[in-house]
Each structure stands twice: as structure tokens, then as C-alpha cells.
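Input: a single structure, listed below in C-alpha cells.
Worth knowing before you read on, the calculation uses all heavy atoms, side chains too, and leaves out hydrogens, waters and symmetry mates. Note that the coordinates shown come from a computational prediction; the quantities given were computed from them, not determined experimentally. Note that the numbering runs from 1 along the sequence shown for the chain.
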Amino acid sequence: MRKAVLLLAGVAAIACASVAPSELSPDPVFLRDNPAVRIALGSSRTPIALTGSGEWRIYNRTRDSFLTTGKAGEIVTVQLASGQMRAVRANGSGSSRSTGPFLVRPLSSEGTLTFNKKRYRGELLISVTDTGMLVVNRLPMESYLRGVVPLEIGKRPRAELAAVEAQAVAARSYSYSHIGVTSRPFDMYATVQDQVYGGVDAETEITDEAIRSTAGMVLKFAGRVLANTPYSSTCGGSTASTSEVWYKEPDQPYLRPVSDRIPGTDKFYCDPSPRFSWTETFTGDQLSTVINKYLAAYTSAPAGDLGRVRMVRETGRTETDRVRALEITTDRGTYTLRGNDTRFVLRNPAGAILNSTYFSTAVTTGSSGGVQQLTVRGRGYGHGIGMCQWGAIGRARAGQDYKTILTTYYRGTTVEKF
């Protein structure tokens, strides 16, 4: 799940933003009594192939001007040339060119659209940008959550329903707090940069049940302020405050460290996580490779070859014992890598980022003075702020209900209707 935490947002302001008029305002049948959310699915310079489960249409800018109607299973491509788009059918016939945006909508409220081999509810907006054609899925909030919750919490048995319900409310609060808060033509990404969203094909029976049973429920701080609710897979024993990890972000009163220790034991609710504890090892050559490739993007290091890594040293720890910063010394100088940025530099050979900032380091140097091996031993997976998903699973197994789980991880909040 994503990175940034916004300042506290008033519920009234968010509600107004969520229903702001747009040039392609959705038909009421698509809203189903809950606000629409816009999710960026991807962008492409190459033709975009679209189809639908039933009849569907591509409109130009408004519903008053449609370009073509597609049959169930029929593929129509949207092509880009010289900053303009056109819809092209399989027989080669095409619409006139336009700067758009294009609105793609099923003619039935139960119909779905397929883009990039995934099915989506609601409608698609296709617009021209500097990087090609941007595809955005606009759909009702509760329909969106059906494609988010299963991918965020995973496949859970009925005995862990409380954890799934907690995930539904956390994802809903996070989503409402991101509607209309930027000038972008979308509210969130469909990736870990925000929340992982897989459309119709991700939906499951138990997550649908959890979304229905918590319909409209969000977290509010002090009874009146909508809480922005980040969460991560595994806290490793304690969640973190915002500034411990995202050092440029201000702390929030409801995002404070929470112990995940099971009372009266030396165990933790998130112990079952496969990444509760872990070890990563870098040879000197592997370390130099990732430092040369990524360090300049996160520190004052110059781009290009920095030479060999001479030393890696921890420079302080946070209140929950996470690494505050690493001092990286190379042939060309010494640079400070802070907070969550360490994860994006210390990548494994496959390019995956480091599991968390909850780690310690051990360095072996060679006879020439360079780092021969760096061993990183850590706990947890993800940023560690807000709800610990594996902790929520452990708490559900222990009999806690979803409201108890949420108000434990988000201190000072209450679960209320949006």
C-alpha cells in the first residue's frame, strides 16, 4: 500500500470534492447512492483494446456524442496519433479524430468493461497526456472496494472475517480521504502507490460480505475528522509514527506507535506473517551495483559511477527501533540515506525493495577497505504505519471484532458512517 499521508481533512470538504461536477459526469445509475472514485489503471502510446460483457459505447467528451457501439465480446481499439484519438473497429472502420476525452460505458448497469485483460465495473475515461493515453476507471466507491480488499488482505477464511471487515473500513477511509484532493484527472493509482486494485476478477464472496456488512463505515478522529488510514502487511512487533518512516511528513495524532505484542506473552499478533523476520545479504559487488544505480535519486550523491562502497553505518534509531538513517561512504563521498528511502536503494538483485526499515546492519570489510559483505537482519514488511494487516488477522483469530482492531491501530478514532 502507498506512501504519503495527507494532513487531516474535514469531512465536509471531502464530501464536496467527491461530488464536484465534471465534464463527463457519471449517470446516476452508476453511482448507486455512493460517490464515484477515479482510479488510474495505466497509460499507453500503443493502441488500447477494449471490449465489454454486453453492449457498450464509446462517447466523445459527453454522453450526447457517441462514436461507436460495441457488441458483447467485440474488440474496439482506441488509437493515438498527433495528439488525437480515434476508435477503430475490427473491420478497420474508425471514428473521426478527437482530442477527447473518450468516455467508455456499458449500456447495462450490470455490464463490465475489459481493458488490459481485466474486467472493470463502472466506466472508463481515456484522455491524451504527455505520456500517451491515460486510462481511468470511474466507479462507485463500494464497487471499487470489491476489487481492492481481496488483494490487500489476501484470501482469508471465515474465522478471520473481522480482519477482512477492518480492511474494508480502512480501505474505505483511505479512499474517501483521497477523492478530489489534487488537480490530477484521477484520485488514486491501482497499485501499491495507493491501494492494489484488480477490478471484477479480484472479487471474492467473503470480501464482498465484509464490504456489505460495513457499508459506508469510516474512521473519524475526535468524532468529526475523516482519518486518512495507511496500512501495511506486517509491523514486526510495533507500528510506527509517520515521521519515523516518511520523514518529510508531519505526524498525525491517530498514527502513533502501537505494540502488537500479545498481552502476557513474548509473542506478537503478526507472528504468523511469512516476513515477520528476514535477512538480506549483499556482496560488495551487489551493494556497489545498487548504490550506483539508486542512491543519486534519494540523496545528494551525483549521478553516475560512485565507485566502490567503503562503509555503511547506521546513524540513529527511531522510537520503535527502526533505522533513522544510513550513512553510505563510497569512493566519491559520504551520503545520508533517510527513513523509507533506504528501502528503495537497498534492493535485491531482482529489483525488489527492502522489506522494511525495521532492521539492523552488519558490515564485513575487505583488506582493501571496501565493504565485502552487508548483512541486513530485519522484521516486518511494508512501511509499518497504521493497521498491521497480519496483526489484524492475528487479532481476529483471538476473537477481536473489526471495530476493536481498527481503534487499536488508529488511536483516538471511532468507526462511524461517512
Side-chain angles (χ1 to χ4, degrees), residues 1-3 148-157 160 163-164 166-167 170-171 174 191-196 198 202 229-242 244-246 255 257-262 265-282 286-287 290 294 312 314 317-324 326 337 339-362 373-398 405 408-409:
M1 197 238 168
R2 64 81 132 177
K3 168 189 174 293
V148 168
V149 177
L151 299 183
E152 287 290 356
I153 196 68
K155 188 176 181 179
R156 312 303 337 155
E160 298 168 6
V164 185
Q167 178 65 73
Y174 179 91
T191 67
V192 293
Q193 192 165 348
D194 281 297
Q195 300 180 126
V196 181
T229 49
Y231 48 86
S232 64
S233 168
T234 310
C235 69
S238 173
T239 66
S241 62
T242 308
E244 289 183 80
V245 181
W246 301 328
L255 297 176
V258 173
S259 174
D260 216 36
R261 185 182 296 275
I262 300 173
T265 76
D266 60 355
K267 299 292 185 180
F268 299 88
Y269 286 109
C270 60
D271 273 344
S273 168
R275 301 195 198 186
F276 181 81
S277 61
W278 46 269
T279 300
E280 289 279 359
T281 302
F282 299 84
Q286 288 172 335
L287 182 61
V290 295
Y294 300 111
V312 176
E314 297 174 22
R317 305 194 72 82
T318 69
E319 62 178 305
T320 61
D321 203 32
R322 287 166 165 80
V323 168
R324 188 174 299 280
L326 290 179
L337 188 60
N340 208 49
D341 293 348
T342 59
R343 301 176 61 206
F344 292 88
V345 174
L346 296 181
R347 298 171 183 254
N348 67 20
I353 66 173
L354 198 65
N355 288 331
S356 75
T357 60
Y358 203 163
F359 63 82
S360 60
T361 58
Q373 180 172 291
L374 172 66
T375 302
V376 182
R377 294 185 176 87
R379 293 186 358 185
Y381 182 47
H383 50 67
I385 299 168
M387 185 178 73
C388 171
Q389 291 167 306
W390 271 101
I393 292 167
R395 291 172 186 275
R397 291 174 179 175
I405 293 170
T408 296
Y409 286 117

Are side-chain N/O atoms of [X] and [Y] paired as donor and acceptor at under 3.5 Å?
{"X": "T320", "Y": "R322", "answer": "yes"}
{"X": "E152", "Y": "Q195", "answer": "no"}
{"X": "R317", "Y": "Y358", "answer": "no"}

| task | Measure from the side-chain N and O atoms of S232 to the backbone N and O of G384, and report whether any donor-acceptor pair falls under 3.5 Å. | result |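 Between the backbone of G384 and the side chain of S232 there is a qualifying donor-acceptor contact (under 3.5 Å).
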
| Just by distance, do the side chain of T234 and the backbone of S273 share a donor-acceptor pair under 3.5 Å? |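 A pair under 3.5 Å: no.
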
| message | Going by the rule side-chain contact (heavy atoms from CB on, under 4.5 Å), which residues pair with P157 if we only count those two or more places apart in sequence or in a different chain? | response |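 P157 satisfies side-chain contact (heavy atoms from CB on, under 4.5 Å) with E160 once adjacent residues are dropped.
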
| Would Q167 and Q389 satisfy side-chain contact (heavy atoms from CB on, under 4.5 Å), going step by step from the backbone distance to the final call? | CA-CA 8 Å; Q167 178 65 73; Q389 291 167 306; 2.7 Å; yes

| task | Please confirm whether F268 and F276 have ring centers closer than 6.0 angstrom. | result |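 Aromatic pair counts; centres sit under 6.0 Å.
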
| task | Would you please name every residue forming a side chain to side chain donor-acceptor pair (under 3.5 Å) with T375, sequence neighbours left out? | result |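 Q373.
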
| request: Determine, for D260 against R395, whether the closest basic-nitrogen to carboxylate-oxygen distance falls under 4.0 angstrom. | output: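 So D260 pairs with R395 through a salt bridge.
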
| message | What's the separation between atom CD1 in I393 and atom OG in S233, rounded to the nearest 0.5 Å? | response |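 Rounded to the nearest 0.5 Å, the CD1-OG separation comes to 8.0 Å.
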
| query | How long is the gap from CZ on R343 to CG on N355, to the nearest 0.5 Å? | reply |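 R343 CZ to N355 CG: 7.5 Å, rounded to 0.5 Å.
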
